[in-house]
Every structure is written in C-alpha cells, then in structure tokens.
Amino acid sequence: MNASPNEIEGALDLSSLDAARESAVRLQRDKQLVSATRDAGFFARIERLWNAARDKDGVDLLKAVSLLFRISAVAKHVRPRFEDLVSQIANVPAASPQTLVESDDRRYLGEGLRFASGSWKANYAAQAAVEEVSGEEAREQFVAVLVESVGSLGGALQALRFEFDSWRVDTQDVGASRARRMARIVSCLKRIVIEQDPEVGNDVGAALLAFARSAIAGEPILDVSARVQAAEALLDLASSIVRFHFSIASDSETYAVVAFVRRWFPSDNPPTELQPILNIVGRQVLEALIFLGKQGVPNDQLRRTFLLVLGESRGLVELRQVGSELPGIPEELRHWFLSGRLSSVKLATNDAVDETALRTIDRDIAYLFRDASDLVATLDRIEDDLPAAMSNYEPRLVPSVTRLSEGVKRITQRVNVVAARRQMRFGGMIGQLVDFNPVDHELPFESLKGSVAKIKLPSVIKGAEGAPPIVILKAEVEGDG
C-alpha cells in the first residue's frame with residue numbers, strides 16, 4: 001500500500017550523507033523517492049548537506065555527488081538544480097572514486113562529474129576508469145566524462161595511456177590482469193564511438209597503439225582467453241572508428257595496433273574466436289586498398305597490414321583475385337595487386353594522383369615542421385649559455401654539444417624546405433590569444449571557461465596563395481589565465 005503524503009514528508013533522512021544514502025536506496029526501491037523530494041524543506045536540507053560535504057573536499061564530497069545523482073536518476077525535476085550544485089566543483093577532489101565501496105555509488109558519481117568545472121576532470125576520470133575494479137557501469141561513466149572533457153577519442157586514449165603507465169597490479173598473471181582491464185576500457189570506448197560518434201582527433205591509430213602498449217606494459221599474457229579478449233576489443237575499436245570515419249581508412253597508421261595484436265598469436269593461425277573481427281577488419285583494409293587502387297595509388301604498408309590481418313596465404317589469394325577481376329584500375333596497379341610490385345612500365349600519374357599519394361605523408365611533415373620549429377626556438381634561448389654551462393660541468397662534452405646544436409639547425413632548415421615545397425605555414429604564434437574554434441584548435445586536457453584561448457603550439461596550414469587553406473594540424477591551445 002502506498003504511503004500517505006504526511007508519512008512520506010521528511011522520509012528522506014538528510015541528517016548525514018550515510019543516512020541519506022540508505023533512506024534514498026529504500027525510497028527508490030519502494031518507488032517513493034519522487035514524493036519524498038517534494039516536501040517544502042527538501043532543497044534547503046539537501047543544500048546544507050551539500051555545502052558541508054563540499055567544504056570537506058574528500059570522500060564526503062564524492063558521497064554527496066553520488067547521492068545527488070542517485071536521487072535525480074528518479075526525481076527528474078531536481079536534476080537541473082543538482083547539476084548547478086555540482087558545477088561548483090572547480091578543483092580535483094582529494095579522494096579517489098574507489099573510496100566509495102558500492103559500484104552503483106561510483107556510477108552515480110561518474111554521472112555527476114560530467115557537470116563539474118575545471119581542467120582536472122580528464123585526468124581524474126582517466127585514473128578512475130583504469131582503477132575501477134568491478135563496476136562496469138561506473139567505468140563507462142568515467143570513460144564518458146573523459147572523452148567529453150578532452151573532446152576527442154585520441155585525447156582520451158592519450159590520457160588513459162598515462163594512467164596505465166603508473167598503474168600497478170600484483171597477480172599471478174600480471175599480463176592477463178592488465179589485458180582484461182584494458183579490454184573493459186576499450187569496450188567502453190567502442191560504445192561511445194557507436195552511440196556518440198565523437199571527434200577522433202589527430203593520429204588516433206598511433207594513439208590507440210601507444211595506449212595498448214602502455215596498458216600491457218610489456219608483460220606476457222599467459223592466459224589465452226585474456227589474450228583473445230584484449231585482441232578482439234582492440235581490433236573491434238579500430239574497426240568501429242573506421243566505420244564512422246572512412247576518411248582515415250586508407251591511412252595505414254589507422255591500423256597500427258594490428259601488428260601489435262597479431263604478435264600474440266602464430267601469424268597464420270589465430271584463434272577461432274578472433275576470426276569474425278579479423279574478417280571485418282580485413283574487408284575494411286581491402287576496401288581502402290581498392291579505393292586507392294582505382295586512383296592509381298599503391299600503398300605497400302596497407303597491403304602488408306591486409307596480409308597481417310588475414311594471414312599471408314589467404315591474404316595473397318584475395319589480393320590476386322582483386323588484381324584479376326577489379327575493373328577500372330591501371331594495369332600497373334593490377335600487377336601490384338597480383339605481385340606486390342609495380343611493373344617495369346612506369347606508373348601513369350597525373351597531378352591528382354601525385355597529390356593523393358603525398359597527402360598521406362603531409363601530416364608527418366607537418367609534425368616535423370612544428371616540432372623542428374619548437375626545438376630550434378628552445379635552442380636559440382639556451383645556445384649562448386649552454387657551452388659555458390658544459391665547460392663548468394664537463395668540458396669534454398663541449399664539442400659534442402656544439403655539433404648537436406649545429407645538427408638541430410641543419411635538420412630544421414631541411415624540414416623547412418620540405419614544408420615550403422608542400423606549401424605549409426603556421427597559423428598563429430605561440431602565446432597568441434584567439435577565439436576558440438574546435439575546427440582550428442585542439443584542447444587536449446582542459447575545458448575552456450571562456451571563449452578566448454592561448455596558443456601553445458600553432459596550427460599547420462597548407463594552401464597556395466589565394467586558395468582556401470587546409471588545416472593539416474590543429475593548434476594546441478590552453479585556457480587564457
């Protein structure tokens with residue numbers, strides 16, 4: 001029988017955080033929580049409890065956030081007000097989410113952290129996702145907070161990589177423990193890719209590989225089932241990224257994690273459980289090879305990836321079939337599909353084909369261009385003082401330091417020449433204040449409080465005079481102040 005309004009009034013015990021949680025769980029179970037939030041003094045009492053917890057800034061703060069979003073999961077009318085309360089959190093909490101014993105409390109905490117303010121959220125959420133032991137719904141919330149905070153999948157992978165670098169586990173099969181933890185996080189990322197289609201960011205393939213390496217940390221994975229689970233999760237994520245962003249399907253770096261995974265199994269004999277995802281990735285790589293082939297562009301690295309995915313025996317059969325049957329490709333490319341080598345007849349090219357081939361290395365040139373500029377600027381600042389400092393510390397190293405300095409300048413000059421030939425230039429200068437624009441600017445680990453950002457590393461733009469510019473690399477920026 002339903003309780004009367006008078007019986008429900010005050011039923012949500014807000015005398016302490018622990019009492020509030022217990023009564024909220026009970027009222028939630030009895031389907032009376034919404035009614036309990038409608039008494040006249042509810043908001044005044046909840047805000048007193050919240051303010052006390054916020055001042056302590058430790059586990060009480062986490063309990064308070066979890067409580068608010070447990071209540072608002074049922075009582076939707078209180079949610080906007082609770083979101084405003086949580087937005088007051090501007091600094092990293094002093095306690096870890098794992099101090100909350102129950103996984104559903106951590107799940108509600110993760111849901112609430114989406115509305116907190118400040119740049120601390122990304123690293124805090126990444127650490128929470130890696131350290132989460134058994135609450136998969138909680139882990140998914142932390143991963144969602146992370147992706148939302150950094151703004152791209154590549155940025156999220158980078159943050160998770162750093163957390164795995166410092167994460168330690170003590171079990172009989174350390175490799176299997178690390179592989180399973182990684183697989184759970186990757187599964188969360190895949191769901192986010194499918195449901196939300198976030199920005200992937202620059203070099204997502206390289207970021208996925210670096211993440212996987214840090215997650216496993218060079219440990220042997222003795223348990224075969226853990227090895228299969230991790231391999232399947234990584235390949236599935238790579239495949240999902242390509243499904244939603246076919247523009248990067250023809251970039252061999254997108255599949256960088258394939259070689260890492262295939263080293264865990266005999267090259268031509270992967271476990272049966274992996275065959276479905278290997279077939280999917282293989283089809284995607286083959287479609288990219290065909291797409292490039294119709295433009296007259298061979299890609300040896302992508303071809304090697306295809307053979308690695310399907311195994312050399314089966315892969316060669318499929319490539320030869322494509323070379324024999326695919327209409328609309330130049331004869332030289334047909335020969336390449338069949339043998340892996342271009343025929344002695346010169347490949348017919350035109351400006352469009354040349355440009356397509358060069359586009360795949362433009363991003364690498366852009367990174368070199370920007371990194372070399374930053375390196376030589378650093379050298380300029382210390383060049384006068386460096387020889388004197390080395391003379392005092394270790395005089396024998398002075399000639400080597402001088403050669404190193406001269407080498408940096410020579411390499412930078414050559415990189416600048418290559419970048420100029422590709423019509424590349426910098427967009428903006430380090431320290432310049434700009435209006436933040438996600439098309440031109442990347443904010444890896446921070447959330448912007450206002451619309452103005454400061455350039456940390458300039459963008460790299462490509463384009464001839466008078467032609468619309470193409471952003472090869474976004475500028476890395478930080479919040480102003």
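Keep in mind the model is a prediction, meaning the values are calculated, not measured.
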Student: Taking the side chain as C-beta and beyond, is there a heavy-atom pair between R303 and F337 under 4.5 Å?
Tutor: no
Student: So, E406 and K409, do they make that salt bridge, N to O below 4.0 Å?
Tutor: no
Student: Would you name the heavy atoms of V65 and G112 that are closest together and state the gap between them?
Tutor: CG1-CA, 3.9 Å
Student: Is the closest side-chain heavy-atom distance between R178 and R181 below 4.5 Å?
Tutor: no
Student: Among R191, R184, R107, which residue meets the side chain to side chain donor-acceptor pair (under 3.5 Å) test with E140?
Tutor: R191
Student: Between the side chain of K121 and the main-chain N/O of R114, is any donor-acceptor distance below 3.5 Å?
Tutor: yes
Student: Counting heavy atoms not belonging to E199, are there more than 12 under 6.0 Å from its CD?
Tutor: no
Student: Restricting to side chain to side chain donor-acceptor pair (under 3.5 Å), what partner residues turn up for S87, sequence neighbours left out?
Tutor: none
Student: Who pairs with F69 by ring pair (Phe, Tyr, Trp, His ring centres under 6.0 Å), at least two apart in sequence or on another chain?
Tutor: F115
Student: Verify side chain to side chain contact (heavy atoms under 4.5 Å, CB included) between D362 and M424, making sure each step is shown before the conclusion.
Tutor: CA-CA 9 Å; D362 268 349; M424 292 184 186; 3.5 Å; yes
Student: Is the backbone of E163 close enough, under 3.5 Å, to the side chain of S166 for a donor and an acceptor to pair up by distance?
Tutor: yes
Student: With a 3.5 Å cut-off and sequence neighbours excluded, list the donor-acceptor pairs that the side chains of residues 208-223 form with protein atoms.
Tutor:
{"unit_1": "S214", "atom_1": "OG", "unit_2": "D165", "atom_2": "OD1", "d": "2.9"}
{"unit_1": "S214", "atom_1": "OG", "unit_2": "A210", "atom_2": "O", "d": "3.3"}
{"unit_1": "D223", "atom_1": "OD1", "unit_2": "S225", "atom_2": "N", "d": "2.9"}
{"unit_1": "D223", "atom_1": "OD1", "unit_2": "S225", "atom_2": "OG", "d": "2.3"}
{"unit_1": "D223", "atom_1": "OD1", "unit_2": "A226", "atom_2": "N", "d": "3.0"}
{"unit_1": "D223", "atom_1": "OD2", "unit_2": "R180", "atom_2": "NH2", "d": "3.2"}

Student: Report the residues that fulfil ring pair (Phe, Tyr, Trp, His ring centres under 6.0 Å) with F369, sequence neighbours left out, ordered by chain and then residue number.
Tutor: F426
Student: Does anything in residues 271-329 pair up under ring-ring contact (aromatic ring centres under 6.0 Å, His included), and if so which pairs, sequence neighbours excluded?
Tutor: none
Student: For V200, does its backbone N or O pair with a side-chain atom of H245 as donor and acceptor, under 3.5 Å?
Tutor: no
Student: Between the side chains of R334 and E331, is the shortest nitrogen-to-carboxylate-oxygen separation below 4.0 Å, so that they form an ion pair?
Tutor: yes
Student: Backbone N or O of G155 within a donor-acceptor pair of the S152 side chain at under 3.5 Å?
Tutor: yes
Student: Going by atom types only, do Q284 and S239 share a side-chain donor-acceptor pair under 3.5 Å?
Tutor: yes
Student: Give a yes or no answer on whether the side chain of S252 reaches the backbone of L302 with a donor-acceptor pair at less than 3.5 Å.
Tutor: no
Student: Can you see whether Q413 engages R410 through a side-chain donor-acceptor pair at a distance of less than 3.5 angstrom?
Tutor: no
Student: Would you please name every residue forming a ring pair (Phe, Tyr, Trp, His ring centres under 6.0 Å) with F260, sequence neighbours left out?
Tutor: W264
